[in-house]
Amino acid sequence: MARTRIKVCGVRDVEAIDACAEAGVDAIGLMLIERSPRYIQPEDAFELSGVLPPFMSAVAVVADLSVDQFNDMEQRCPAPLVQLHGSESEKTVQSCGPGVVKAFRYEDATIATQLPRWNAIDEVDAILVDGSAGGEGKSFEWGRLAEAIDAMDQTPGGPLLKPLIVAGGLTPETVGDAIRSLRPYAVDVSSGVESEPGVKDPVRIRAFAEAVAQADSA
C-alpha cells in the first residue's frame with residue numbers, strides 16, 4: 001500500500017513548520033478564512049510558505065470566494081494548491097482550477113451525490129471529506145464513507161478517481177482507524193495536534209505522524 005500523506009492545517013508560525021518538517025509532514029494548510037481562529041493574513045501566509053523546506057507543500061485554504069476575490073487572494077498568497085472549503089458552485093470551482101482540493105462536510109443524506117459531483121470535474125485535483133459537521137474535532141463513522149465510495153462502482157459516473165483526503169476528528173489516537181477503514185491518499189489534521197486553538201504541539205504532531213506510519217505498515 002502507498003504511504004498515506006499528511007497535511008497539518010492551520011499552521012501560523014515558523015515553530016509549527018519546524019515541528020512538521022521534523023515529523024515528516026507533507027503539506028501545511030494556511031488558513032485564509034477570516035472566521036477561523038487559525039486565520040492569518042494572506043501576506044503573512046505567503047511569507048510562511050517561503051520558509052518551507054524542500055518537498056513540503058503549502059495549501060491555501062479559502063471558502064466561498066467569488067472568482068474575482070479568489071484571483072485577488074492568489075495575487076497576495078500564491079500557492080501550488082488551494083483548498084476550497086465552502087459551498088462553491090461547479091462553475092466557480094472550474095474557474096479557480098486547476099490545483100484545487102474541493103472540501104465538503106460529510107452528511108449521510110448528501111454523500112452519495114457530493115462524491116460523484118466533484119469526481120467529475122477535471123479542475124479538481126483531490127477531494128477532501130471533512131467529518132466535523134457536528135463541530136470542530138468531531139468525526140464520523142469511517143465505514144459509512146467507505147460504503148459510499150464502494151457504491152460509486154455501481155453508478156453511471158463510475159468509481160472515485162480523485163485522491164481522497166480525510167479530515168475531522170483525527171488525532172494521534174484515531175487516525176489509524178481512519179486509515180485502516182478508508183485507505184485514503186492523505187489525512188488532514190488541525191485541532192488534533194494542538195495544545196490550544198491555533199497553537200500546534202510538536203509532541204502531538206510527531207505522535208500523529210508515527211500513528212500514520214504504524215497504520216500504513218500494519
Side-chain angles (χ1 to χ4, degrees), residues 5 7-11 27-46 49 57-136 138-140 144-145 148-149 152 155-170 182 184-191:
R5 276 71 170 179
K7 172 173 167 265
V8 173
C9 202
V11 168
I28 63 165
L30 301 168
M31 184 60 67
L32 306 182
I33 302 173
E34 292 189 17
R35 63 180 179 270
S36 170
R38 300 166 186 86
Y39 171 76
I40 54 176
Q41 292 282 346
E43 292 80 6
D44 295 334
F46 182 60
S49 68
S57 296
V59 182
V61 183
V62 300
D64 297 316
L65 300 182
S66 67
V67 175
D68 287 343
Q69 289 172 324
F70 177 86
N71 290 336
D72 177 66
M73 182 280 300
E74 275 207 314
Q75 291 292 321
R76 298 168 66 191
C77 181
L81 286 172
V82 178
Q83 181 175 314
L84 302 182
H85 211 101
S87 55
E88 295 86 5
S89 68
E90 289 95 336
K91 184 177 180 180
T92 296
V93 171
Q94 289 172 319
S95 297
C96 294
V100 166
V101 175
K102 183 63 188 89
F104 59 88
R105 295 195 185 281
Y106 176 92
E107 294 180 2
D108 284 332
T110 60
I111 189 64
T113 57
Q114 286 280 64
L115 285 172
R117 178 188 184 190
W118 303 115
N119 190 49
I121 294 182
D122 291 339
E123 289 80 3
V124 172
D125 286 11
I127 291 173
L128 186 151
V129 181
D130 186 348
S132 59
E136 185 174 284
K138 303 294 184 182
S139 63
F140 56 97
R144 297 209 299 270
L145 176 56
I149 293 171
M152 290 180 67
T155 64
L160 180 66
L161 300 177
K162 308 291 185 181
L164 174 69
I165 305 168
V166 180
L170 296 180
L182 293 164
Y185 175 80
V187 288
D188 189 335
V189 64
S190 184
S191 61

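The OG atom of S191 lies 5.5 Å from the CZ atom of R38; values are rounded to the nearest 0.5 Å. The structure places CD of E34 at 12.5 Å from CD1 of I40, a figure rounded to the nearest 0.5 Å. Here OH of Y185 is found 8.0 Å from CD1 of I165. Values are rounded to the nearest 0.5 Å. Taken to the nearest 0.5 Å, the CD1 atom of I28 stands 9.5 Å off from the OG atom of S57. Rounding to the nearest 0.5 Å gives a distance of 5.5 Å between CE of M152 and CG of L115.
Using a 4.5 Å heavy-atom cutoff, the side chains of D72 and L65 are not in contact. L164 has its side chain within reach of V129: a pair of non-hydrogen atoms, C-beta onward, lies under 4.5 Å apart. Looking at R76 and F46, their side chains never come closer than 4.5 Å, going by heavy atoms from C-beta outward. Side-chain contact between V100 and I121: absent, with no pair of heavy atoms (C-beta onward) separated by less than 4.5 Å.
Across D125 and P163, no two heavy atoms sit closer than the pair O-CD, 3.1 Å. Counting all heavy atoms, side chain and backbone alike, Y106 lies closest to R144 at OH-CB, 3.1 Å. Among all heavy-atom pairs drawn from A63 and R35, the shortest one is CB-NH2, 4.2 Å. The minimum heavy-atom distance linking K162 with V124 is given by the pair NZ-O, 2.8 Å. The two residues V61 and G29 come nearest to each other via the heavy atoms CG2-CA, 4.3 Å. Closest approach of C77 to P42, counting heavy atoms only: CB-O, 3.4 Å.
Residues meeting the salt bridge (charged side-chain N to carboxylate O under 4.0 Å, His left out) test with D44, sequence neighbours left out: none.
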- Under the side chain to side chain contact (heavy atoms under 4.5 Å, CB included) rule, what do V189 and V8 come out as? Steps first, then yes or no, please. CA-CA 5 Å; V189 64; V8 173; 4.0 Å; yes
- Query: Can you check side chain to side chain contact (heavy atoms under 4.5 Å, CB included) on R117 and F104, steps first, answer last?
  - Reply: CA-CA 11 Å; R117 178 188 184 190; F104 59 88; over 6 Å; no
- Item | M31 and C9: CA distance, side-chain angles, deciding distance, side chain to side chain contact (heavy atoms under 4.5 Å, CB included) verdict | CA-CA 7 Å; M31 184 60 67; C9 202; 4.0 Å; yes
Under 3.5 Å, sequence neighbours excluded: what are the donor-acceptor pairs made by side chains of residues 78-89?
| from | atom 1 | to | atom 2 | distance (Å) |
| --- | --- | --- | --- | --- |
| Q83 | OE1 | K7 | NZ | 2.8 |
| Q83 | NE2 | H85 | ND1 | 2.8 |
| H85 | NE2 | D130 | OD2 | 3.2 |
| S87 | OG | D64 | OD1 | 3.1 |
| E88 | OE1 | G86 | N | 3.1 |
| E88 | OE1 | K102 | NZ | 3.2 |
| E88 | OE2 | D64 | N | 2.9 |
| E88 | OE2 | G86 | N | 3.2 |
| S89 | OG | T92 | N | 3.1 |
| S89 | OG | T92 | OG1 | 3.1 |

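The number of heavy-atom neighbours closer than 6.0 Å to CZ of F70, taken from other residues, nucleotides and ligands shown, is above 12. Crowding of Q75 atom CD: a count of heavy atoms from other residues, nucleotides or ligands under 6.0 Å not exceeding 12.
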